[in-house]
K.L.:
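Please see the structure below; I have some questions.
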Amino acid sequence: MKRVWQECIECRSVYDADAVRYRCDCGGLLEVSIDIESLGDISWERFRSRRFNVWRYIELLPFEDHEHAVSLEEGGTPLYKADRLAEWLGAKNVYIKYEGMNPTGSFKDRGMCVGITKALKLGARGVACASTGNTAASLAAYSAKAGIPCIVVVPKEVVALGKLFQALLYGAKVVRLHGTFDEALSLVWKASEEVGVYLLNSINPWRLEGQKTVAFETVDQLGRVPRYVVLPVGNCGNIAAAWKGFKEMEMAGLINEKPSMVGIQSEGASPFVDLVKEGLETLRPVETPKTVASAIRIGRPVNWKKALLAVKESGGLVAKVSDAEIIQAQRMLASLEGIGVEPAAAASVAGVKKLIESGDIDADETIVCVCTGSMLKDPNPELIKGLEPTEIVPELGLVRDLLASLLSR
Ligand code: AN7
């Protein structure tokens with residue numbers, strides 16, 4: 001039997017794996033721990049004899065097996081070598097881990113399969129989340145697959161239409177709160193505990209267990225450890241999850257070095273970047289976060305302490321980027337590489353550009369950008385501006401001239 005428990009990242013108090021709680025008695029964040037030393041035979045060969053998805057790494061996941069896993073074949077996403085983008089960035093070896101290829105089009109599916117599987121094991125009769133959109137879409141899909149009722153609460157103004165449609169179509173009860181994401185999370189969290197609904201935001205450490213597999217896959221695909229792993233940061237869960245993945249691979253003897261974790265936020269929603277840059281003792285929340293990257297329009301990230309550890313322990317970096325820089329990165333990635341990502345995901349590329357220009361990232365080293373969501377989620381007019389199609393009447397001459405212009409360039 002694999003030994004699995006929950007542990008406070010601050011006071012190290014230990015809780016049973018089946019205790020339903022989202023914080024330690026001391027208020028600290030909880031993480032799921034696995035006794036990695038006792039796992040016995042784990043190797044890349046063993047992993048690679050299995051299908052390429054989240055469950056390939058079952059030894060490092062907090063379940064005995066995946067017989068009862070609620071799965072839509074999440075994970076197993078492409079790692080693209082992006083040479084034309086690298087040239088634009090002024091770098092040598094740039095890879096895109098394209099999480100838009102997950103079942104609902106974002107990295108959230110990695111965590112939600114584990115989160116919903118855990119919910120069923122615990123006998124949960126209902127699940128809920130607050131969301132800027134992707135968590136809602138993912139939870140709606142996995143609760144549909146599991147046949148468990150689900151409520152998702154999103155902020156009224158700022159959710160991408162594609163994500164809203166996903167949650168509705170998958171059959172969740174979708175609630176638009178007249179307030180911010182941060183208000184939604186705080187209310188849904190309190191109410192979940194009061195009525196005994198299972199909360200599946202990233203404050204739930206089981207979600208992050210699935211999300212850590214992005215680190216396993218990156219090394220599996222690259223065949224080595226990159227120097228930098230760059231992620232967009234919102235509620236601060238994913239960068240912490242990826243870092244946990246690298247640490248566990250090292251503990252398991254699968255790697256013998258680790259990357260620097262690089263966290264990127266938008267200028268209008270950068271409480272975490274400010275915390276790191278200014279060396280603050282505690283988070284200074286942003287009351288009304290604003291950015292075109294609606295997925296990361298978050299002012300009070302609940303997992304900031306975990307993300308801070310990830311950046312500190314890994315000798316990592318942070319940067320903030322403007323909306324214009326995000327949109328430019330989104331366009332370059334799409335038009336140079338054929339990889340279409342949503343604005344939050346493009347923030348990682350925009351951040352790399354900035355950190356190479358400032359000399360903080362060594363452009364000769366290997367850089368992996370985790371691009372967390374698909375472009376199809378967010379066809380917002382602000383993102384289309386300047387890319388509009390050419391309009392013509394149905395005349396052969398016009399079409400002929402247009403086609404000929406392709407050859408005369
Ligand atoms: C595309 O869906 O918080 O730092 O409610 O959708 O782990 O929060 C989304 C976050 C990055 C940030 N990229 O990850 C939600 C939500 C995309 C995202 C993030 C999100 P975290």
Side-chain angles (χ1 to χ4, degrees), residues 29 77 97-102 104-112 115 128-141 152-155 158-160 162-164 166-167 172 174 177 180-185 188-189 199-205 207-208 210-212 214 230-244 261-266 269-273 289 291-308 310-311 318 326 330 340-351 369-378:
L29 297 167
T77 59
K97 182 67 173 157
Y98 181 41
E99 293 289 278
M101 294 289 276
N102 276 294
T104 78
S106 86
F107 73 98
K108 303 286 181 182
D109 298 340
R110 290 183 188 278
M112 220 47 94
C129 73
S131 177
T132 58
N134 281 325
T135 299
S138 185
L139 181 59
V152 303
V153 182
V154 300
V158 292
V159 173
K163 301 174 188 177
L164 198 63
Q166 285 182 287
V174 179
L177 179 105
T180 62
F181 163 80
D182 303 289
E183 289 172 298
L185 177 53
V188 175
W189 183 351
L199 180 68
L200 274 165
N201 278 96
S202 57
I203 190 77
N204 182 322
R207 273 257 323 265
L208 301 186
Q211 287 175 212
K212 76 188 180 187
V214 74
V230 189
L231 301 102
V233 170
N235 224 357
C236 290
N238 206 32
I239 191 169
W243 178 238
K244 188 170 190 283
M261 306 303 292
V262 184
I264 311 297
Q265 291 194 302
S266 283
S270 63
F272 179 70
V273 171
T291 162
V292 70
S294 60
I296 52 173
R297 204 178 311 211
I298 294 175
R300 202 181 278 273
V302 290
N303 289 307
W304 67 266
K305 283 192 180 167
K306 283 187 179 175
L308 186 60
V311 170
V318 293
I326 288 173
Q330 185 190 37
V341 305
E342 67 167 289
S348 61
V349 175
C369 287
V370 180
C371 285
T372 42
S374 161
M375 66 172 283
L376 295 174
K377 288 169 167 283
D378 191 4

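The model shown is predicted, which means the values in this text are computed figures rather than measured ones. Note that ligands are numbered from 1 as they come in the structure, with each ligand's atoms numbered from 1 the same way.
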K.L.:
Just to confirm my output: which protein heavy-atom neighbour is closest to atom 21 (P) of ligand 1, and how far is it?
P.N.:
Asn235 N, 3.5 Å

K.L.:
Locate the shortest heavy-atom distance separating Val370 from Pro232; write the atom from each residue and the value.
P.N.:
O-CD, 3.5 Å

K.L.:
How close does the nearest protein non-hydrogen atom get to atom 10 (C) of ligand 1, and which residue and atom is it?
P.N.:
Lys108 NZ, 3.1 Å

K.L.:
Note the single closest protein heavy atom to atom 6 (O) of ligand 1, along with its residue, its atom name and the distance in Å.
P.N.:
Asn134 ND2, 2.7 Å

K.L.:
Which atoms from ligand 1 have a heavy atom of Asn238 less than 4.0 Å away?
P.N.:
7 (O), 21 (P)

K.L.:
Under 4.0 Å from a heavy atom of Ser131: which atoms of ligand 1 are those, numbered in the order shown and with their elements?
P.N.:
2 (O), 5 (O), 15 (C)

K.L.:
Below 4.0 angstrom from a heavy atom of Gly237, which ligand 1 atoms are there? Numbered from 1 as shown, please.
P.N.:
4 (O), 7 (O), 21 (P)

K.L.:
Would you mind listing which atoms of ligand 1 come within a distance below 4.0 Å of any non-hydrogen atom of Val233?
P.N.:
4 (O)

K.L.:
Provide the number and element of each atom of ligand 1 under 4.0 Å from a heavy atom of Phe107.
P.N.:
11 (C), 13 (N), 14 (O), 17 (C), 18 (C), 19 (C), 20 (C)

K.L.:
Would you check if the side chain of Arg110 reaches a backbone N or O of Gly210 as a donor-acceptor pair within less than 3.5 Å?
P.N.:
no

K.L.:
Going by the order shown, which atoms of ligand 1 are within less than 4.0 Å of some heavy atom of Thr132?
P.N.:
2 (O), 3 (O), 5 (O), 9 (C), 15 (C), 16 (C)

K.L.:
Check whether the side chains of Lys244 and Gln211 place a donor and an acceptor atom closer than 3.5 Å, and report yes or no.
P.N.:
no

K.L.:
Rounded to the nearest 0.5 Å, how far does CD1 of Ile296 lie from OG of Ser266?
P.N.:
4.0 Å

K.L.:
Taking atom CG of Asn303 and atom CD1 of Ile203, what is their separation to the nearest 0.5 Å?
P.N.:
5.0 Å

K.L.:
Quick one: does Ser202 get a heavy atom under 4.0 Å from ligand 1?
P.N.:
no

K.L.:
Using a plain distance cutoff, I'd like to know if Ile298 has any nitrogen or oxygen under 3.5 Å from a nitrogen or oxygen of ligand 1.
P.N.:
no

K.L.:
Determine whether the side chains of Thr372 and Glu99 contain a donor N or O and an acceptor N or O closer than 3.5 Å.
P.N.:
no

K.L.:
Check whether any heavy atom of Ser106 sits under 4.0 Å from an atom of ligand 1.
P.N.:
no

K.L.:
Would you mind listing which atoms of ligand 1 come within a distance below 4.0 Å of any non-hydrogen atom of Glu342?
P.N.:
1 (C)

K.L.:
Applying a 4.0 Å heavy-atom criterion (strictly less than), which segment of Ile296 is in contact with ligand 1: side chain, backbone, both, or neither?
P.N.:
side chain

K.L.:
Going by the atom numbers of ligand 1, which of them fall below 4.0 Å from some non-hydrogen atom of Thr135?
P.N.:
2 (O), 5 (O), 15 (C), 16 (C)

K.L.:
Does the Lys377 side chain pair with the main chain of Thr104, one donor and one acceptor, at a distance under 3.5 Å?
P.N.:
yes

K.L.:
Verify, without hydrogens or angle tests, whether Asp378 (side chain) and Glu342 (backbone) share a donor-acceptor contact under 3.5 angstrom.
P.N.:
no

K.L.:
What heavy-atom pair brings Leu29 and Lys305 nearest, and what distance separates the two atoms?
P.N.:
CD1-CB, 4.1 Å

K.L.:
May I ask you to check whether Arg300 and Thr180 show a side-chain donor-acceptor distance below 3.5 Å?
P.N.:
no

K.L.:
Assess Ala345 for proximity to ligand 1: is some non-hydrogen atom of it under 4.0 Å away?
P.N.:
no

K.L.:
Show the nearest heavy-atom pair for residues Ala295 and Lys163, with the distance to one decimal.
P.N.:
CB-NZ, 3.6 Å

K.L.:
Does ligand 1 come near enough to Ala136 that some N or O of the ligand is less than 3.5 Å from an N or O of the residue?
P.N.:
no

K.L.:
For the 3.5 Å polar cut-off, considering only N or O atoms, please tell me whether Gly234 and ligand 1 meet it.
P.N.:
yes

K.L.:
To the closest 0.5 Å, what do you measure between CG (Leu231) and CZ (Phe107)?
P.N.:
8.5 Å

K.L.:
Would you say ligand 1 has an N or O under 3.5 Å from any N or O of Thr372?
P.N.:
yes

